[in-house]
Structure formats: structure tokens, C-alpha cells
Amino acid sequence: MDIENKARIHWACRRGMRELDISIMPFFEYEYDSLSDKDKQTFVRLLECADPDLFNWLMNHGRPDDEELFGMVKLIQERNKNRGPVEI
């Protein structure tokens, strides 16, 4: 997926699982534009992972083996925590 195709990335952020939508959608909406191209590529790679894996990683029930993906999970958690609660 092209990191500049924001409409397609936005669509990929919609997971259909409330817990994932609450984590991923706000991060995309508020943070994506400020990421480096490398981080955008990592975010897109993270979106290609299966929902059960994303859920486990974002809820701290495990971690990806890939260090870049793990760094992105931590960045999403940190930025969302700093921004505060979000209603979807």
C-alpha cells in the first residue's frame, strides 16, 4: 500500500473491532501526517497484520517479533495515551 494513499490507509484502519478502532483510527487521524516516511511504511505494514495479533499487541498481551512493528505499537500506545480518551 502506498504511504501517500491516505484514503486507502484510512479504509485499512477500520478494523470492525471496537478496541482496534479506538486505538488505530485516532492515531491515523491525529498522528499519521507527522510521521516520517519510514514510520508511515511501518504503520502500513502493521495494518497488514491480522486483527487478533493487532489486538493482542495493542492490549499488551504479547508483542510482534519484528522490532519495527513493536516500536510502532509502542508509539501508537504512547501517542493515544497522551491525547486522552477518544469516543468512536
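Keep in mind that the numbers below use all heavy atoms, side chains included, and drop hydrogens, waters and symmetry copies.
- The cluster map of Ile, Leu, Val, Met, Phe, Trp and Tyr, joined by side-chain heavy atoms under 4.5 Å apart, puts M17 and V73 in the same cluster.
- Across all non-hydrogen atoms, the minimal contact from L46 to L69 is N-CD2, 3.7 Å.
- The pair R15-D21 does not count as a salt bridge, with every side-chain nitrogen at least 4.0 angstrom from each carboxylate oxygen.
- A distance of 11.0 Å separates CG of D51 from CD of E19, quoted to the nearest 0.5 Å.
- Residue E31 holds its CD atom at 10.0 Å from CD1 of I76, rounded to the nearest 0.5 Å.
- Proximity of D33 to K6: side-chain heavy atoms (C-beta onward) are separated by under 4.5 Å at one or more points.
- Panel note: side chain N80, backbone S23; a donor-acceptor pair is recorded below 3.5 Å.
- Scanning all heavy atoms of the two residues, the minimum distance from C49 to W57 falls at SG-CZ3, 3.7 Å.
- If you check the side chains of Q77 and N60, you find a donor sitting under 3.5 Å from an acceptor.
- Follow the hydrophobic side-chain contacts under 4.5 Å out from F55 and you reach M72 in the same cluster.
- Checked options F28, F43, Y32, F27; the residue passing with H10 is F28 (criterion: ring pair (Phe, Tyr, Trp, His ring centres under 6.0 Å)).
- Contact annotation: the side chain of I24 approaches that of L54 to within less than 4.5 Å [non-hydrogen atoms, C-beta and beyond].
- Taking 4.5 Å as the limit, some side-chain heavy atom of C13 sits within range of a side-chain heavy atom of L47.
- In this structure, R18 CZ and M25 CE are separated by 13.0 Å, a value rounded to the nearest 0.5 Å.
- Here D2 contributes atom CG and Q41 contributes atom CD; the two are 9.5 Å apart, rounded to the nearest 0.5 Å.
- Counting heavy atoms of neighbouring residues, nucleotides and ligands inside a 6.0 Å radius, atom CZ of R63 exceeds 12 of them.
- With a 4.5 Å cut-off on side-chain heavy atoms, S34 and K40 do not count as touching.
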Mind running side chain to side chain contact (heavy atoms under 4.5 Å, CB included) on I3 and K38 for me, showing each step along the way?
CA-CA 9 Å; I3 64 171; K38 181 175 171 57; over 6 Å; no
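- Under a 3.5 Å cut-off, the side chain of D39 and the backbone N or O of L35 do not form any donor-acceptor pair.
- No continuous path of ILVMFWY side-chain contacts below 4.5 Å connects Y30 to W11, so the two sit in separate hydrophobic clusters.
- L20 CG to M59 CE: the interatomic distance, rounded to the nearest 0.5 Å, is 6.5 Å.
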